[in-house]
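Residue numbering restarts at 1 for every chain, and letters A, B, ... go by the order of the sequence lines. None of these values were measured; they are calculated from a predicted model.
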Amino acid sequence: MKKAIEVKNLTKEYKDFKLDNISFTLPVGTIMGFIGENGAGKTTTIKSILDIIKYDGEIKLMDKDNKNEALKDIGVVLDDAFFPEILNAKDINTIMKSTYQNWDSKLYFKYLNDFKIPSKKQIKQLSKGMHKKLEIAVALAHHPKLLILDEPTTGLDPVARSEILEIFQNFMVDPECSIFISSHITSDLEHIADYIVFINEGKILLNEKCHVLLEEYGIVKCKKEELENIAKEDYIRVRKYRYDYELLIKNKKEFKKKYNSEVIDKISLEELMVLMLKGE
Amino acid sequence: MLGFIKKDLLIVKGNLKTFLLIFVFYAFLAYTGDVDITFILPFLSVMVMMSSFSYDAYNKWDSYALSIPKGRENIVKAKYLVTLILITITSLLVLFLFIFLSYIKKEPLDLDMVFSTFIGNIIGTVLVECVMYPIIFKWGIEKARIAIFALVIIFVVTLGFLISKVDTINLNLVFNYLFKYWYIFTILILLMSLALSIHIYRKKEF
Amino acid sequence: MDIIISNNSNVPIYEQIKEQFKSKIIAGELSTGELLPSIRVLAKDLRCSVITTKNAYEELEKEGFVKTIPAKGVYVSKINKEIAKEEQLKKIEKMLEDVVILAKINKINKKELNTILSIIYEER
């Protein structure tokens, strides 16, 4: 299996926050969704992957030992870092043409055209959605094999979000391409991600195939007496409400067989995230 | 690295009107009064570079640039090269202004004076910027700004003080010596500052 | 060709895809030897993940409806339509059996059941 990203024992300590021994692997040809609350460590992880900050541990990109070599084939969208806003989209083309060997001006202007981004308007005059789309156009225009995206859809309206997700799916038609995408809007990732890594307070809580989470995990609602009859190892989290309990279970089928339970709800990533964090 | 140089020059282009306005304003002062117009040179090129650093910081350009292959060294090198380019451009502008003013005022051009102020200013500018950059790379433009203004003022005041107080002959000796080897002196400082900045920037986190 | 998947259904998405391909193959809408879209193109068009479409094709292959030729693509296999149809009939019979048991428990007679069946059949 070829690996687009391999993170081993990544640790980074700040005064008030610690990224604690993070490990995961993104296989080539797949999309990994990186979810977690704000401040969970998503951006710190991405900054480590890109060598923007120093860290302990081992990170390998595109199976290459030389990160500079790997960066040639990587496109990024960072949460809030981009070109100085006094520049315009055309300036960016001028700059990037002399920066990336593979920079494809034609493709870049095609994206600008598709996204309806005016090429001579200063970045600061663009709307938030256009700004993000411009970042994505820049990330794609040197024919990267790996996209590393930090919150590429945050702050966008649903239409812009769906447009952007479509771009990512088009990108993924090439089997050599991979995407690492962080987001706290989990519904964006639900359909397109192959893997989900869930991080909280600097630690990985879950690393699982996305469809397993959606198809095998489930929510059971029950009364107190019923809860007492359910073995502790059969659920991951329990959350107490005023009138009932909500259980997060790992395997709907087995649970159904064992407890003959009828009401097991399908779970969304959002519910999963909330139950993981709010449940006990 | 060429891309990073172009980026800074495009920022200058974006602010061209403001900078030209300042230049014209000083040219006017030089025409009407006794203001030393060569002061524009260090002032303008320092200002231009500071504004480029500010734009970078405001949009966290450094983080972004580090995702570009070889970002780290090239960001620093590009800043120094852009500085040299700007000093060259502003020097030529001042030279042009000298010639232009002497033509309008119908005064003969004192070539020796032009040449010495010229080189003095190049050395001065390089000196100021070479001290500035490691500070900016270390602490960021916002914190460095105060330090830099202080430095510029100290530099100008000291120069003024030296010129007015110290025995002219002595000073001329020093200056003559400086002028004779000015290129070595300037290049040496530049390289030292560059090495220091790269060293600082390698360890920097964003 | 229409493929409609529901994200809210309790049936896993890969299974929805699989079943719809199956019925198209049985109905002859997809003919023997026809090249199916690659897992990646299908994932893009159905707005789901690559793993999902990959699972769907793998299941289809296990059941003998398609064949993957490495580096070329996924093709519709030659299937015995009679056998395939019989298989589907068996499935229906089994489901109806559950229905009848439930009906008998609730004392719903054959006539009533027939009426319900024909109404549902007409509506769909």
One thing to verify: whether A:K133 and A:E163 come together as a salt bridge, which I'm taking to mean a side-chain N less than 4.0 angstrom from a carboxylate O.
yes
Cut-off 4.5 Å, heavy atoms of chain C, and the answer for A:Y195 is side chain
Tell me whether the rings of A:F24 and A:F34 are parallel (<30°), tilted (30 to 60°) or perpendicular (>60°).
tilted
When the 4.5 angstrom heavy-atom criterion is applied to A:D265 and chain C, the contacting part is neither
Evaluate the side-chain proximity of A:I219 to A:E271: yes if any heavy-atom separation is below 4.5 Å, no if none is.
yes
How many angstroms lie between atom CG of A:L248 and atom CE of A:M276, to the nearest 0.5 angstrom?
6.5 Å
Option that, when pairs with chain C are counted at under 4.5 Å, heavy atom only, ranks first among A:P175, A:C210, A:A193:
A:P175
Non-hydrogen atoms of chain A under 4.5 Å away: do they reach the side chain of C:N55, the backbone, both or neither?
side chain
